[in-house]
2 protein chains.
Amino acid sequence: MDARSKILETATKLFATHGYDSTSLSLVAKDASVSKALIFWHFENKENLYEAVLARTIEPYRIEPERIAGQSVPDQVEHLIDLYYEFVTENVHSVRFFLSLFLRDDKRPDDFFSRVLDLYKHYRELLAGALRAGQEAGIFSPEIEPEAHSALILSSLNGILVQALTGETDVASPERLVKGLKASLVDRLRVQ
Amino acid sequence: MDARSKILETATKLFATHGYDSTSLSLVAKDASVSKALIFWHFENKENLYEAVLARTIEPYRIEPERIAGQSVPDQVEHLIDLYYEFVTENVHSVRFFLSLFLRDDKRPDDFFSRVLDLYKHYRELLAGALRAGQEAGIFSPEIEPEAHSALILSSLNGILVQALTGETDVASPERLVKGLKASLVDRLRVQ
DNA sequence: GTCTATATACAGATAGAC
DNA sequence: GTCTATCTGTATATAGAC
């Protein structure tokens, strides 16, 4: 790997675990086995390096249309839940990173935030659409409001994932909680 | 207020918003209108100050038995949910602080963490107990497992609260989500 | 207890050789 | 492109006067 990529990779790991301020360029240089001066040659200053790291980190944050198409209406809801869950578990480190950015008064470039929020909103709308389609097909109870209920499902899912992210043991496993979520928040809404 | 308390109060605010590393003692001194040397005289070093701040912050984290006693069994579940919600909204700043500590590889003194976790566990057990009592009284469906379901309720609640903590607008309000949570995760479990 | 002045270390950043 | 050496600011921490 070339030096530039090595720096970027090392910095990504360090920024994500220690945050912006607590990550010194001396440490990045040492871990990447390059001189501090080389970091400045490639990225000009610490902030530019940070932005390059953010750009690299957010890269996989997108919805692939082919993955959500083609299901029968009732299965779509559970499938969307699975997709969300899979995405977060596949990107634990960066999700944890972004969540901690949301919580801190840290360096938080607004364009990255709005991109994460847009993605979240998109997901919620897909979920609401599937719920509404299910209602219209007479599968789900007409009592629920699709928008409100999709927000609740995502919130619950986030809660489960935060629990997994913070490494709380001794509670039920994430998989089991998601199963319970589907049972209570999806299956129980079916018209008998 | 005496200088020591002033320092403690100022440091609490600053550590919570900027974190350990990003909070300089020069800033604490300036904001508290004292000299830097006085901080060292009172707290010896930065880490000791931080621990004093943590001890002060965690102080309100306890369950008051009188607040959960005396309800009729079915109402207990919703009451516990309300208590949890109220506690978090009354302590937003420190909850956000602790959550960000859980997410970062920061300074994380294990005894404080285990105290937060114990409290959480206690809450979950109270909730499971209420659910079980409701089942035995024939009010809640025998289908659910109290332990698993109380974990799900708390996870969902956490998800709603994290959303509020991260300041995500444009989604449903926390109050509305909690109402939906109660409807789907509590009321729908009642035997008709 | 509270201050000013200072020691020491390390941060981000630059100069210039190769 | 990559390095060593160095500048400058600011951090934690100490010494010592009052």
Side-chain angles (χ1 to χ4, degrees), chain A residues 1-57 97 100-101 103-112, chain B residues 1-57 97 100-101 103-112:
Chain A
M1 196 180 345
D2 62 324
R4 204 195 123 98
S5 309
K6 189 75 206 282
I7 293 166
L8 213 42
E9 190 194 44
T10 308
T12 301
K13 199 186 68 203
L14 291 174
F15 279 137
T17 46
H18 309 303
Y20 182 81
D21 288 298
S22 312
T23 301
S24 77
L25 296 184
S26 312
L27 180 59
V28 175
K30 201 180 128 209
D31 280 16
S33 311
V34 297
S35 70
K36 241 199 301 188
L38 191 63
I39 299 178
F40 285 93
W41 192 88
H42 279 295
F43 297 96
E44 190 138 40
N45 57 37
K46 190 179 178 181
E47 276 212 38
N48 280 351
L49 172 62
Y50 185 64
E51 303 219 340
V53 163
L54 283 182
R56 185 180 183 270
T57 305
F97 181 31
S100 79
L101 282 186
L103 292 170
R104 285 270 173 94
D105 250 9
D106 235 347
K107 292 245 157 299
R108 27 191 299 172
D110 284 339
D111 41 330
F112 288 106
Chain B
M1 195 180 344
D2 61 324
R4 203 195 123 98
S5 308
K6 189 74 207 280
I7 292 166
L8 213 43
E9 192 194 44
T10 308
T12 301
K13 200 185 68 202
L14 291 174
F15 279 138
T17 45
H18 309 303
Y20 182 82
D21 288 297
S22 313
T23 301
S24 77
L25 296 184
S26 314
L27 181 59
V28 175
K30 200 181 129 206
D31 280 16
S33 310
V34 296
S35 71
K36 244 195 302 187
L38 191 63
I39 300 177
F40 285 94
W41 193 89
H42 279 295
F43 298 96
E44 189 138 40
N45 56 39
K46 190 179 178 180
E47 277 213 37
N48 280 351
L49 172 62
Y50 185 66
E51 302 219 339
V53 162
L54 283 183
R56 186 181 183 268
T57 304
F97 181 33
S100 79
L101 281 186
L103 292 170
R104 284 269 172 95
D105 248 10
D106 235 347
K107 293 246 155 298
R108 28 190 299 173
D110 284 339
D111 41 330
F112 288 105

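Throughout, protein chains are lettered first and strands after them, A, B, ... in sequence-line order, and every chain is numbered starting at 1.
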Determine whether the aromatic ring centres of residues B:F15 and B:Y50 are separated by less than 6.0 angstrom. yes
How long is the line joining NZ of B:K6 and C1' of C:dG1, in whole Å? 17 Å
N/O donor-acceptor pairs under 3.5 Å from side chains in residues 41-48 of chain A, not counting sequence neighbours:
from  : atom 1 : to    : atom 2 : distance (Å)
A:N45 : OD1    : A:E47 : N      : 3.3
A:N45 : OD1    : A:N48 : N      : 2.9
A:K46 : NZ     : A:Y20 : O      : 3.1
A:K46 : NZ     : A:T23 : O      : 2.9
A:N48 : ND2    : A:F43 : O      : 3.4

When you measure from the side chain of B:H42, which nucleotide among D:dG1, C:dT2, D:dC3 comes out closest? C:dT2
Shortest non-hydrogen contact from A:K36 toward A:A29: N-CB, 3.7 Å
Bending between helix ends of the helix from C:dG1-D:dC18 to C:dC18-D:dG1 [5 pairs per end, 10° resolution]: 0°
Interatomic distance, B:W41 CH2 vs C:dG1 C1' [rounded to whole Å]: 5 Å
Could you write out each protein N or O paired with an N or O of nucleotides 12-18 of chain C at a distance under 3.5 Å?
from   : atom 1 : to    : atom 2 : distance (Å)
C:dG12 : OP1    : A:K46 : NZ     : 2.8
C:dG12 : OP2    : A:L25 : N      : 2.7
C:dG12 : N7     : A:K36 : NZ     : 3.2
C:dA13 : OP2    : A:K46 : N      : 2.9

Would you kindly give the CG-to-P distance between B:N48 and D:dT12, to the nearest whole Å? 14 Å
Output all residues satisfying side chain to side chain donor-acceptor pair (under 3.5 Å) with A:S5, sequence neighbours left out; order by chain, then residue number. A:D2
Nearest nucleotide by nearest heavy atom, which residue falls closer to the 5' end of DNA chain C, B:S33 or A:L27? B:S33
I need the CG-C1' distance between A:L8 and D:dG1, as an integer number of Å. 17 Å
Non-hydrogen atoms of A:S22 and B:D21 that approach each other most closely: OG-OD2, 2.7 Å
Identify every side-chain donor-acceptor pair in residues 6-13 of chain B under 3.5 Å, counting partners at least two apart or on other chains, and give the distances.
from  : atom 1 : to    : atom 2 : distance (Å)
B:T10 : OG1    : B:K6  : O      : 2.7
B:T12 : OG1    : B:L8  : O      : 2.7
B:T12 : OG1    : B:R56 : NH1    : 3.2

Rounded to the Å, how far apart are B:I39 CD1 and C:dG1 P? 16 Å
Taking side chain to side chain contact (heavy atoms under 4.5 Å, CB included) as the test, write out the residues that go with A:D110, two or more places apart. none
So, using side chain to side chain contact (heavy atoms under 4.5 Å, CB included) as the criterion, who are the partners of A:F112 when residues are at least two apart? A:L54, A:A55, A:I58, A:P109
